[in-house]
Asks: 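Below are the structure tokens for one structure; questions will follow.
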Amino acid sequence: MDRLLDNYHYAAAAILFCIGLYSVIVRPNIIKKIIGLNIMETSVFLLLVSMGWKDGGIAPIHGGGAEAAAMVNPIPQALILTGIVVAVSTTAVALSLVILLYRQYGTLDVDRLMKEEESESAPAGAGSGEG
Amino acid sequence: MGAYRHFPILIIAVPLVTAVLMPALSYRRERLCMPVAAAALSLSTMLTFLLYRVVRPAADGYLSYHLGGWDPPWGIEIKVDFAGLFMLSVICSISLLCLLYSRDYIGRELEGGRAFAYYSLFLLLSASMLGFTATGDIFNMFVFMEILALSSYALVAVTGRRNAVRAAFKYLLMGAPSSIMVLLAIALLYSATGSLNMAQLKELLAEGAYSRVVFASLVLMVMGFGVKAALFPLHSWLPDAHSIAPSPISAMLSGLVVEVAAFALLRLFLSVYGSGSGAVSGTSEALGVIAAAGVLFGGFMAIFQKDFKMMIAYSTISHIGYIVLGISIMNEQALTGALYHLLDHGLAKGCFFLCAGAFIYQRGYRRIDELKGAARRMPMTCTAFALAALSVIGIPPTAGFISKWYLIWGSVAGGKYLYAAVYLIGSILAAAYCLRVVYYMFFVAPPPGVWEGGPGEAPPLMVVPVWVLSLATLVMGAASFVVINRLQEAARLLL
């Protein structure tokens, strides 16, 4: 129990991850699914950055006689920076697909999209355009 | 060594940079996009094949490039060993053929100056696959995986049709959480070891510290890459995305994208976690069962499909099962078979989808029924399909026979007779779904109203890639001796 209390940030990351995964899987609205994806990503960032943190740590800049032991680990922060860029790009692609989907189907509801899918594939199988 | 030192980065950077230049080029000279893209990929292909002169299957036979001059383990390392080089050459050659094929196909799909986006994304996809295969840094691998994933979502949707956008979104909804799982796995691995360099990770993990964290990270990795590779229970995005995407992209997705994910599993098991570790042996047991189920499931589903491309997509699920099953057996012969199957699957499935594309391009025929009597009007395409089908089934002397031979040999040598039976049943299923189509094409009279009048054989730039791929399955089978011994040596080194 003490170990859990000391590492409350890991628990927070795990909870956030589950919240995100829940909304990706369960929510029928695709915008909410994308928000869920972002929550999942954020939870991993939280895990990573809390891993490299130390209480009272200083910026990892050498010179001025700073001790290496007192510094926070900069690598997780660098990783997250890249991770955020990746997350933003994924969100951008996802949202642009959502715009296209809404234009084509006029709905953001996954259940209704799946019904459309069934009605599209049922009559022809071949009729739904080439490609 | 000399100039060879810089080849690993050039192979990746040339298509990557050209991809970014495409929109600018299209602003002035739209028509030049395709030739420039082809030139960039040809250069990469040439450099890759030149590397066979220096990269050998020996402990010191690899090339390592340190990005920005930062030495590993601090900097990013690009490492080309023999197995990686083999995968790189498969990626380069098949991408190049698909790109040539795209000229006519995409020229008609994306009219009015929209084709540059396609070529830009295509080059991004190729470059990211090359980087993904060659990198020796696990976080860099994640970044390349994301470029790969994003460009393939976009390429599935590139035509902007209703069902294409839906298939792409479905792909994204499965793909994006899987990427996050891989990132989480990398975070766990970093917390346990404090390193991101694959070679160093292997040394650190061999000490066996934090075994539970390491095990959790491996399971997350397998789940993440399992979605990307469309392993059996995680495959549901694949039939839609692969059958609805433009045919050259189907060929890329099926022949290469799922394959590099399977190759990543191999890399993780052998070059990161190490085959001796308890985490790997436990996970690979489970993976073997799943992959065997996938072989049978994909094969059965393929038999019952009405849509030609859907059938090929299910066949892909079955064949990814072959590769992953080979990896999970973890002995020298099975690994050799799995590596050789990467080549065979890329060639044969690439050829299948390009054939399907030729039928769609010429006549708009997608259903298997509509292929009855196709050989009367498109004999070249149908013959190429039949040749590639022999390789998918595994009839000598095709490449499919060689890889299955090694896979079955490996499963018998490892004492897994059941898996050998799975491979044989998989071949029978493949014979069932492939020969049905071949029979329709050659020996059944076309139904009334189908194949009457209208265009016949596809344009030469579409027929040539189809034939190169299908002849390659034959040549790589008959002449497997050029590479198979060195591949076996590489497999022995990986273990």
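Each chain gets a letter, A, B and so on, in the order its sequence line appears, and its residues count up from 1.
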Asks: Is it the backbone or the side chain of B:Ala176 that comes under 4.5 Å from a heavy atom of chain A, or both, or neither?
Replies: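 Contact with chain A is through both the backbone and side chain of B:Ala176.
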Asks: Contact part of B:Leu172 toward chain A, heavy-atom cut-off under 4.5 Å: side chain, backbone, both or neither?
Replies: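 For B:Leu172, side-chain heavy atoms alone lie under 4.5 Å from chain A.
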Asks: Non-hydrogen atoms of chain A under 4.5 Å away: do they reach the side chain of B:Phe142, the backbone, both or neither?
Replies: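 Contact with chain A involves the side chain of B:Phe142 alone.
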Asks: Where do B:Arg161 and A:Gln104 come nearest, in terms of heavy atoms and distance?
Replies: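 For B:Arg161 and A:Gln104, the tightest heavy-atom pair comes out as C-NE2, 3.8 Å.
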Asks: A side-chain contact here means heavy atoms from C-beta on lying under 4.5 Å apart; do A:Asn73 and B:Tyr190 qualify?
Replies: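 Side chain of A:Asn73 against side chain of B:Tyr190, heavy atoms only: contact under 4.5 Å found.
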Asks: Within 45 degrees of the ring normal and closer than 6.0 Å to the centroid, is that where the cationic atom of B:Arg166 sits relative to A:Tyr105?
Replies: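 The answer is no, since B:Arg166 fails at least one limit relative to A:Tyr105.
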Asks: Show the nearest heavy-atom pair for residues A:Ser89 and B:Leu150, with the distance to one decimal.
Replies: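 Heavy atoms only, the tightest pair is CB-CD1, 3.6 Å.
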Asks: Minimum heavy-atom separation for A:Met51 and B:Ala187, please, with both atom names.
Replies: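 In this case the closest contact between A:Met51 and B:Ala187 is CE-O, 3.3 Å.
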Asks: I'd like to know whether A:Leu113 forms a side-chain contact (heavy atoms from CB on, under 4.5 Å) with B:Phe169, so could you lay out the CA-CA distance, the side-chain angles of the two residues, the decisive distance to 0.1 Å, and finally the verdict.
Replies: CA-CA 11 Å; A:Leu113 281 173; B:Phe169 195 76; 5.7 Å; no
Asks: Counting only heavy atoms closer than 4.5 Å, note whether A:Leu47 contacts chain B via side chain, backbone, both or neither.
Replies: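 The answer is the side chain of A:Leu47.
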Asks: Pull out the residues in residues 74-84 of chain A that come under 4.5 Å of chain B, heavy atom to heavy atom, sorted by number.
Replies: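 Expected list: A:Ile75, A:Pro76, A:Leu79, A:Thr82, A:Gly83.
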Asks: Quick one: CD1 on B:Ile186 to CG on A:Leu48, what's the gap to the nearest 0.5 Å?
Replies: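 CG of A:Leu48 is found 9.0 Å from CD1 of B:Ile186.
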Asks: Please classify the contact of B:Leu196 with chain A as side chain, backbone, both or neither, using a heavy-atom distance under 4.5 Å.
Replies: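 Side chain of B:Leu196 only, per the 4.5 Å heavy-atom cut-off to chain A.
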Asks: If you count heavy-atom pairs under 4.5 Å between each of A:Thr90, A:Leu100, A:Val24 and chain B, which one has the most?
Replies: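 Of the options given, most contacts go to A:Thr90.
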Asks: For chain A, which candidate among B:Ala164, B:Pro177, B:Ala157, B:Ser179 shows the most heavy-atom pairs at distances under 4.5 Å?
Replies: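 Most pairs with chain A among the choices: B:Pro177.
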Asks: Tell me if the CZ atom of A:Arg27 is crowded by more than 12 foreign heavy atoms within 6.0 Å.
Replies: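 No, not enclosed.
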Asks: Quick check: under 4.5 Å, non-hydrogen atoms only, which of residues 38-45 of chain A neighbour chain B?
Replies: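 Near chain B, by residue number: A:Met40, A:Glu41, A:Val44, A:Phe45.
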Asks: Under a 4.5 Å heavy-atom cut-off, does chain B meet the side chain of A:Ile25, its backbone, both or neither?
Replies: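 Neither the backbone nor the side chain of A:Ile25 comes within 4.5 Å of chain B.
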